[in-house]
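Quick note: numbers below take in every heavy atom, side chains included, and nothing from hydrogens, waters or symmetry partners. So that the names make sense, note that chain A is the first sequence line, chain B the second, and so on, each numbered from 1.
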Protein chains: 2
Amino acid sequence: MGISNINIAEQIKKTGLKLTTQRIKILEAIYYLKNHPYAEDIIKHIQADNPAISQGTIYKTLDTFVEKGIIGKVETSGGTFRYDGITKMHHHLQEEGNSRIEDYFDEDLNQLLVNYFSSKNIPGFKVQDVKLHIKGKFKT
Amino acid sequence: MGISNINIAEQIKKTGLKLTTQRIKILEAIYYLKNHPYAEDIIKHIQADNPAISQGTIYKTLDTFVEKGIIGKVETSGGTFRYDGITKMHHHLQEEGNSRIEDYFDEDLNQLLVNYFSSKNIPGFKVQDVKLHIKGKFKT
DNA sequence: ATTCTTGCAAAGCATTTGCACCCTG
DNA sequence: CAGGGTGCAAATGCTTTGCAAGAAT
């Protein structure tokens, strides 16, 4: 479990959105399918138990959630999207020619970046957030 | 100008690909349209002068060039691709809700990253390349 | 000559849209 | 009961594909 239903309902409510069964199921699915699910994964997972929840609704809702900032949209090199229930600062490990993506949490690195960009001034640009795409090889 | 035709021809040849008019025009277009063009921009630019060069060929060629590493493919949050004639290490500045992308070159930052990841060991992963997506606001 | 490329047009596929109906607050 | 949310199915739009004809080495 880890994340209770009450928590999910509250997450949705605090955005000002109406609380619907569909939205609850969708957010549950994202938390359940931890590993950066594709829209397709989310749709399948939900429709297995709730065939009446439509694809269109799921896409719309994912967009809405991303807009409200309660989930993240991960850019892929394949042109399809993946979603991400994690909001706290993290980076992504990726291997070329492989769909695997792992989250990478590193407080030292975050600190280093924050320090660097607080002293470094990029002319004409105000930095708000930094995310690393770390490419390499998985050893496992 | 900046990049001569001879240079372009050589870039293509050194990949082992056959040198065709289409490939030259396509690579020229990417260098000409500096600012991370979409496939669509490249197609329009080429077809203005060379209506006979087909869309399909342009897509195929872009893929080929990316595979050979002479151009880069930029991930966007919109699901479409953008291309990038620059191969040397650089990062991207992006603004939310805005299609603008600027390249960001910063040798100090590169050095910092190289240092950091040469001493930091990520369990189960071997780092090869790091790219920053820096989000914020353009002041201009 | 042989192999790689191209053009064309159709297909593919993830995502979006329009609209009537329905439910939440 | 008012306005937002949903389902359906069709449409959109970027990208890919198959194949016959053409060009490069």
[X] side chain near [N] phosphate (N/O to OP1/OP2, under 4.0 Å):
X: Thr57(A); N: dT6(D); result: no
X: Gln22(A); N: dG7(D); result: yes
X: Tyr59(A); N: dT15(C); result: yes

Using a 3.5 Å cut-off and no angle test, enumerate the donor-acceptor pairs between side-chain atoms of residues 45-60 of chain B and protein atoms at least two apart in sequence or in another chain.
| from | atom 1 | to | atom 2 | distance (Å) |
| --- | --- | --- | --- | --- |
| Gln47(B) | NE2 | Ile53(B) | O | 2.8 |
| Asn50(B) | ND2 | Ile46(B) | O | 3.3 |
| Ser54(B) | OG | Thr57(B) | N | 3.3 |
| Ser54(B) | OG | Thr57(B) | OG1 | 3.0 |

Side-chain polar contacts of residues 117-127 of chain A - donor-acceptor pairs under 3.5 angstrom, sequence neighbours left out - could you list them?
| from | atom 1 | to | atom 2 | distance (Å) |
| --- | --- | --- | --- | --- |
| Ser118(A) | OG | Val114(A) | O | 3.2 |
| Ser118(A) | OG | Asn115(A) | O | 2.9 |
| Ser119(A) | OG | Asn115(A) | O | 3.4 |
| Ser119(A) | OG | Tyr116(A) | O | 3.2 |

Nucleotide [N], atom [atom2] - distance to [atom1] of [X] in whole Å:
X: Ile12(A); N: dG5(D); atom1: CD1; atom2: P; value: 11 Å
X: Gln55(B); N: dG13(D); atom1: CD; atom2: C1'; value: 10 Å
X: Ile53(B); N: dG7(C); atom1: CD1; atom2: P; value: 6 Å
X: Ile58(A); N: dT16(C); atom1: CD1; atom2: C1'; value: 14 Å
X: Leu62(A); N: dA14(C); atom1: CG; atom2: C1'; value: 13 Å
X: Lys73(B); N: dC14(D); atom1: NZ; atom2: P; value: 15 Å
X: Glu67(A); N: dG4(D); atom1: CD; atom2: P; value: 14 Å

Item to check | Min side-chain heavy-atom separation Lys73(A)-Asp63(A) under 4.5 Å | outcome: yes
Pairs: protein N or O with nucleotides 11-13 of chain C N or O, under 3.5 Å:
none

Item to check | nucleotides 18-25 of chain C: protein proximity per nucleotide (B base, S sugar-phosphate only, - neither; heavy atom, under 4.0 Å) | outcome: B-----BS
Checklist entry - Which residues, if any, of residues 33-49 of chain A bring a heavy atom under 4.0 Å of DNA chain C? => result Ala39(A)
Next on the checklist: Can you list everything that forms a salt bridge (Lys or Arg N to Asp or Glu O under 4.0 Å) with Glu40(A)? Sequence neighbours excluded, please.
Outcome noted: Lys44(A)
